[in-house]
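Keep in mind it's a predicted model, so treat the numbers as computed, not measured.
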Amino acid sequence: MIDLHCHMLPGIDDGARTLDDSLAMAELAVAEGITHILVTPHHKNGSYENVKNLVEKKTAELQEEFDKRGFALKLFPGQEVRINGELLADVENDDILFADLDNQYLLIEFPTLSIPHYAESLFFQLQQRGITPVIVHPERNQAVIADPNVLLPFIERGALAQLTASSYVGIFGKEIAELSSRLIEANLVHIIASDAHNTRGRSFHMREAFDKLDGEFGIGKMLDFQQNAKDMINGDVVQTEAPMAVLNRKKKFGFFKKRK
Ligand code: FE
C-alpha cells in the first residue's frame, strides 16, 4: 500500500516527536503492508512552517535510519499545505512540495471550520498552471460535515480529495464514518491515506480501511483507490468517476416521518 499523508518526520509538527516515535510508526506501517509513504508535515497551518529544504533533509535522514534497520519502507518528501494567500507565490518560487516529482498533485488542507471564499479562484489559478489540488480529509471539515455537497463544485472542476483511513473506520465517531461512506459512494473522494500522527490515537488504520472499502463497495473500488494513490505519486493521470450529489439521508428520514 501507498500512504500519501503521514506525519512521521520526528520533531517538526504534531506527529512523531522523536526518532523512536518515527521508528515505532514505521514498524506499524510495515506490519499493515504499507510500502511507500509520502511524509507530509503541516505547512503554514498557523502552528507549523516546514519549508521544502527542511522536509527534504529530514526525509533523507529518516530514510537512512530505516535503511540501517532494514525497514522495507520508502519515503518521499511532501507537505500538507494549509490553504493560504501566499500559496500561488510559494508554488511559483518552487517552495512547495507536491505529492509527485512532476509537481502536479498538491495536497491542500482547508481550515477545520470552513472553506475559504477564495478557494475556488485559487484552485482555478493552480489548475491553469497544470496543478491538481488534492483536498485532504474533507470529511473532517465542518462545512463539509454540515453539507457534503459543498465539495461537489470543486470535484466537478477537477480537484481530487483524500479520505482519511481512521475517519472511515470510525475513529472520529459514527457521523464521520457515515459521511466517509457517502463521499466514497458519490465519487467525491479518490484516495485513502492515513494522516497518521502516532501509534496510539492517530495511527494508520490503512489495512482496516481498505478491508472496509472492499466489504462495502467491492474489490473493484478498493483496487481503484489503490491505483489512484499510485497514479498520484507517479504523476500519472488519476482516473475518476463522475461526482454526484450526496443524498441527504436526514431529509429522507424526515420525509418518511411526515408520512406516518
Ligand atoms: Fe495531516
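A single hydrophobic cluster is seen to contain both L183 and F110, as judged by linkage of ILVMFWY side chains at heavy-atom distances under 4.5 Å, directly or through other members. Hydrophobic cluster membership differs between V169 and I184, with clusters built from Ile, Leu, Val, Met, Phe, Trp and Tyr side chains linked at under 4.5 angstrom. Side-chain heavy atoms closer than 4.5 Å link hydrophobic residues (I, L, V, M, F, W, Y) into clusters, and following such links, possibly through other members, connects V189 to F210. In the hydrophobic cluster analysis, where Ile, Leu, Val, Met, Phe, Trp and Tyr join through side-chain heavy atoms closer than 4.5 angstrom, L4 is grouped together with Y105. No continuous path of ILVMFWY side-chain contacts below 4.5 Å connects M1 to V238, so the two sit in separate hydrophobic clusters.
A salt bridge is absent between D90 and K52; no separation between the charged side-chain nitrogens and carboxylate oxygens falls under 4.0 Å. Classification of E65 and R69 as a salt-bridged pair holds, one side-chain N sitting under 4.0 Å from a carboxylate O. With salt bridges taken as basic N to acidic carboxylate O contacts below 4.0 Å, none links E64 and K68.
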(request) Show your reasoning for whether side chain to side chain contact (heavy atoms under 4.5 Å, CB included) applies to Y168 and E208. (result) CA-CA 9 Å; Y168 184 39; E208 206 182 331; over 6 Å; no
(request) Check the pair I115, V144 against side chain to side chain contact (heavy atoms under 4.5 Å, CB included), reporting the backbone distance first and the verdict last. (result) CA-CA 8 Å; I115 299 176; V144 177; 4.2 Å; yes
(request) Take R202 and D14 through the side chain to side chain contact (heavy atoms under 4.5 Å, CB included) test and state the conclusion after the steps. (result) CA-CA 11 Å; R202 303 283 305 277; D14 56 346; 5.6 Å; no
(request) Take M8 and L73, measure what side chain to side chain contact (heavy atoms under 4.5 Å, CB included) needs, and give me the verdict at the end. (result) CA-CA 12 Å; M8 192 181 220; L73 201 51; 4.1 Å; yes
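A heavy-atom distance below 4.5 Å is found between the side chains of I83 and P111. No side-chain heavy atom of D195 sits under 4.5 Å from any side-chain heavy atom of V136. Between E216 and E185, every side-chain heavy-atom pair lies at or beyond the 4.5 Å cut-off. Within the 4.5 Å cutoff, side-chain heavy atoms of I96 are placed close to those of H43. Two residues are said to be in side-chain contact when any heavy atoms from C-beta on lie closer than 4.5 Å; V91 and F98 meet this criterion. Looking at S166 and S203, their side chains never come closer than 4.5 Å, going by heavy atoms from C-beta outward. Residues N103 and I131 are not in side-chain contact: their nearest non-hydrogen atoms beyond the backbone lie 4.5 Å or more apart. Counting only heavy atoms from C-beta outward, the side chains of L88 and L126 approach each other to under 4.5 Å.
Taking all atoms of both residues into account, the shortest heavy-atom contact from V55 to P41 is CG2-CG, 3.7 Å. In plain terms, the two heavy atoms of I108 and P133 that are nearest each other are CD1-CB, 4.0 Å. Between T40 and E80, the closest heavy-atom pair is O-CB, 3.7 Å. Across every non-hydrogen atom of A29 and I37, the tightest pair is CB-CD1, 4.0 Å. I192 approaches A209 most closely through the heavy-atom pair CG2-CB, 4.2 Å. Listed here is the closest heavy atom pair of P10 and L62: CD-CD2, 4.2 Å.
Formation of a donor-acceptor pair under 3.5 Å by the D3 side chain with backbone atoms of S194 is found in this model. Formation of a donor-acceptor pair under 3.5 Å by the D214 side chain with backbone atoms of I219 is found in this model. Judged by distance alone, with hydrogens and angles left aside, the side-chain atoms of N84 form a donor-acceptor pair with the main-chain N or O of R82 at under 3.5 Å. For the pair E32 (side chain) and R207 (backbone), a donor-acceptor distance under 3.5 Å is present. Using a distance-only test at 3.5 Å, with no hydrogens or angles considered, a donor-acceptor pair links the side chain of Q63 to the main chain of L75. Panel note: side chain Q104, backbone G235; a donor-acceptor pair is recorded below 3.5 Å. At distances below 3.5 Å, not a single donor-acceptor pair connects side-chain atoms of N141 with backbone N or O atoms of P138.
For the atom pair CG of L122 and CD of Q127, the computed distance is 9.5 Å after rounding to the nearest 0.5 Å. The CD atom of E92 lies 10.0 Å from the CG atom of L87; values are rounded to the nearest 0.5 Å. Distance check, rounded to the nearest 0.5 Å: CG of L28 to CE of M206 gives 13.0 Å. A distance of 11.5 Å separates NZ of K44 from CG of N50, quoted to the nearest 0.5 Å. Rounding to the nearest 0.5 Å gives a distance of 12.0 Å between NE2 of H36 and CD1 of I34. To the nearest 0.5 Å, the span separating CZ on F204 from SG on C6 amounts to 4.0 Å.
Remark: Y118 OH is packed, more than 12 non-hydrogen atoms of other residues, nucleotides or ligands lying under 6.0 Å away. Within 6.0 Å of the CG atom in L223, the count of heavy atoms belonging to other residues, nucleotides or ligands exceeds 12.
Counted by atom type alone, H7 and D13 present one or more donor-acceptor pairs between their side chains at under 3.5 Å.
Relative to the ring axis of F225, K221 does not place its NZ or CZ within 45° and under 6.0 Å from the centre.
Aromatic ring pairs are classed by plane angle as parallel below 30°, tilted from 30° to 60° and perpendicular above 60°; the pair H197 and H42 is tilted.
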Would you be so kind as to tabulate the donor-acceptor pairs closer than 3.5 Å made by side chains of residues 150-163, with sequence neighbours excluded?
unit_1, atom_1, unit_2, atom_2, d
R157, NH1, E120, OE1, 2.2
Q162, OE1, H5, ND1, 2.8
Q162, NE2, T164, OG1, 3.0

